[in-house]
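Right, one structure below, let's go through it.
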Number of protein chains: 2
Amino acid sequence: MLESIALGMLLENDLTGYDIKKFIENGIGVFYKASFGSLYPALKRLTEKGYLTTRDKPQGSRKKIFYHITEEGRKQFFHWLSSPMDIFEGTNTHLAKVYFFDHLEAEIRSQQLLEYEINNRNYLKKLRELEKGFTELDNKECFSPLFITESALRRKPSAGVVISVCRNR
Amino acid sequence: MLESIALGMLLENDLTGYDIKKFIENGIGVFYKASFGSLYPALKRLTEKGYLTTRDKPQGSRKKIFYHITEEGRKQFFHWLSSPMDIFEGTNTHLAKVYFFDHLEAEIRSQQLLEYEINNRNYLKKLRELEKGFTELDNKECFSPLFITESALRRKPSAGVVISVCRNR
DNA sequence: CTCGTCATGTAAAGTGTTACATGATTGT
DNA sequence: ACAATCATGTAACACTTTACATGACGAG
C-alpha cells in the first residue's frame with residue numbers, strides 16, 4: 001500500500017523521503033498515515049525492484065536523496081490504481097469493540113460512544129475543510145465523480161458505513 | 001486486537017480455537033476477520049501471559065483444546081473494553097486510492113466507483129440483515145445505545161464516513 | 001545558543017497473511 | 001469412496017509501529 005502511495009507521490013516531481021512524508025500528511029493523510037520507519041524501507045524496496053532511481057543532491061553538508069519514478073514504476077502504479085477498490089471488510093478495528101459493549105456498564109458505554117461521536121464530528125470537520133479547499137481547484141472536472149459528500153450520502157447511504165451490531169446467543 | 005477479541009469470546013464459555021474462529025465469523029466478523037495463522041499463536045501468547053488456561057478434551061482420537069479465561073484475562077479484557085474508542089484515522093486503505101483518481105481515465109474511474117458503490121450496497125445489506133436478527137433479541141436494552149443506524153446517520157452524519165477528497169497542487 | 005525543522009536511517013517488537021502439513025469425522 | 005468440515009499447528013514472508021541514533025540548518 002505505502003509503496004503504491006509513494007509511487008503516486010512521485011508521478012509529477014522527484015522528491016526526498018522527507019518530502020513524501022510531508023505530502024502524505026498534507027494530502028492523502030486523512031486516509032493513510034505513514035511513519036519514517038515504514039517509508040524509508042519502502043523506498044529502498046521500490047528502488048531495488050527498479051521502480052525508482054535515486055539521485056543524491058546534498059545541500060551543503062546535508063544529505064538529500066531525490067527519488068525518481070521509472071517507466072516500470074509508472075506501470076506498476078497504474079496497475080494498482082486500475083485494480084478494483086475493495087471495500088474495507090476485514091479489520092475495522094475501532095468498531096470491533098462495540099461488539100462487546102453489552103458487557104460494559106451503561107455509563108461507560110454511553111461515555112465512550114459520546115466520545116466517539118465527538119471524534120467523528122471532528123473528523124467530519126476536517127473532511128469538510130478539505131472539501132472546501134477542493135471546490136476552489138481549477139481542475140474540478142478531474143474530480144467530479146468523487147463528489148460523494150454528505151448530501152449524496154443522504155440519498156445513497158451505500159457510501160457511508162452504518163453501524164449495527166448483533167451477537168447471537 | 002485479536003487477543004482482546006479472543007478473550008471476549010471466552011467470557012461466557014470455554015471454546016476451542018476452531019470454535020472461536022467460527023464465533024468471530026458469525027458475529028464480530030463484519031468488523032474483524034481472523035485467520036488460524038494469527039488466532040492459534042494469539043491463544044498461545046494469551047496462555048503464556050496467564051490470561052487463559054487450557055484443557056485438553058480429545059473426542060475419540062480427535063485433538064481438542066478448550067481455552068478458559070482466567071481472572072487476569074477478564075481484567076485485561078475489561079481494561080481494553082473500557083479504553084476509549086479511537087476513530088480510524090490512519091490506514092483507511094480502500095479510500096487511499098481515490099486520492100489519485102485524477103490520474104485515471106474517467107471511464108475506468110466511473111466503473112470503479114460504481115463497483116465500489118455496489119460493494120457498499122452489499123455490505124449495507126449484510127449489516128441490515130444483522131440488524132434484523134438484532135431487533136429480535138430479548139436483551140435489547142443492553143444494546144440500545146448502539147442503535148446508530150442509517151436513520152440516525154441521516155440526522156447525525158458524524159457516525160458515517162463522508163468521502164471527500166482534495167489534492168493540493 | 002538553543003529550539004524547531006530538515007533529513008536519513010536502523011532495531012526490536014508486534015501483528016498479520018498465505019501456504020503448507022497433518023489427520024479425524026461426518027454426510028452422501 | 002469422496003468431499004466437506006472439524007481441528008491444530010508451523011514457516012516464510014510482509015508490513016508496520018515505536019523508539020532510538022545521528023547530525024545539519026535557520027531563526028530568534
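Each chain gets a letter, A, B and so on, in the order its sequence line appears, and its residues count up from 1. As the structure is a computational prediction, the values presented were derived from the model and not from experiment.
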For [N] and [X] - does any side-chain N or O of the residue sit under 4.0 Å from the phosphate oxygens OP1/OP2?
{"X": "B:Lys64", "N": "C:dA24", "value": "no"}
{"X": "A:Tyr32", "N": "D:dT16", "value": "yes"}
{"X": "A:Lys44", "N": "C:dT8", "value": "no"}

Rounded to whole Å, how long is the line connecting atom [atom1] of [X] with atom [atom2] of [N]?
{"X": "B:Leu15", "N": "D:dC6", "atom1": "CG", "atom2": "P", "value": "14 Å"}
{"X": "A:Arg62", "N": "C:dT8", "atom1": "CZ", "atom2": "C1'", "value": "11 Å"}
{"X": "A:Lys33", "N": "D:dT18", "atom1": "NZ", "atom2": "C1'", "value": "17 Å"}
{"X": "A:Leu39", "N": "D:dA14", "atom1": "CG", "atom2": "P", "value": "19 Å"}
{"X": "B:Lys57", "N": "D:dC6", "atom1": "NZ", "atom2": "P", "value": "19 Å"}
{"X": "A:Tyr67", "N": "C:dT8", "atom1": "OH", "atom2": "P", "value": "7 Å"}
{"X": "B:Ile20", "N": "D:dC6", "atom1": "CD1", "atom2": "C1'", "value": "15 Å"}
{"X": "B:Glu48", "N": "C:dA13", "atom1": "CD", "atom2": "C1'", "value": "15 Å"}

Of the nucleotides [options], which has the atom closest to the [X] side chain?
{"X": "A:Glu3", "options": "C:dT8, D:dG9, D:dC15", "value": "D:dC15"}
{"X": "A:Tyr40", "options": "C:dG16, D:dT16, C:dG9", "value": "C:dG9"}
{"X": "B:Phe36", "options": "D:dT8, C:dA7, C:dT17", "value": "D:dT8"}
{"X": "B:Arg45", "options": "C:dG9, C:dG16, D:dA7", "value": "C:dG16"}
{"X": "A:Ser38", "options": "C:dT8, D:dT8, D:dT16", "value": "D:dT16"}
{"X": "B:Thr16", "options": "C:dT18, D:dA7, C:dC6", "value": "D:dA7"}
{"X": "A:Ile65", "options": "C:dT8, D:dT8, D:dA7", "value": "C:dT8"}

Just to verify, what does A:Ser35 make a side chain to side chain contact (heavy atoms under 4.5 Å, CB included) with, not counting sequence neighbours?
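Expected list: A:Ser38.
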How about A:Glu3 and A:Lys49: do any of their side-chain heavy atoms sit closer than 4.5 Å?
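Yes, close enough: below the 4.5 Å cut-off.
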Is any side-chain heavy atom of B:Ile65 less than 4.5 Å from a side-chain heavy atom of B:Asp56?
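In contact.
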Classify the nucleic acid contact of A:Lys21 as base, sugar-phosphate or nothing, counting any heavy atom under 4.0 Å across all strands shown.
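Counting heavy atoms under 4.0 Å across all strands, no contact is made by A:Lys21.
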When we call it a touch if two heavy atoms are under 4.0 Å apart, what does B:Gly37 touch: a base, just sugar-phosphate, or nothing?
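It contacts base atoms.
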May I ask you to decide if the ring planes of A:Phe36 and A:Tyr40 are parallel, tilted or perpendicular, using 30° and 60° as cut-offs?
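Ring orientation of A:Phe36 relative to A:Tyr40: parallel.
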With nearest nucleotides of DNA chain D determined for B:Lys22 and B:Pro41 from heavy-atom distances, which residue corresponds to the more 5′ nucleotide?
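Final value for this comparison: B:Lys22.
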Kindly indicate, with the supporting measurements, whether the criterion salt bridge (charged side-chain N to carboxylate O under 4.0 Å, His left out) is fulfilled by B:Lys44 and B:Glu48.
CA-CA 6 Å; B:Lys44 210 175 174 182; B:Glu48 278 160 12; 5.4 Å; no
As an exercise, state the distance from CG of B:Leu43 to CG of B:Leu2, rounded to the nearest 0.5 Å.
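Separation between the atoms: 7.5 Å.
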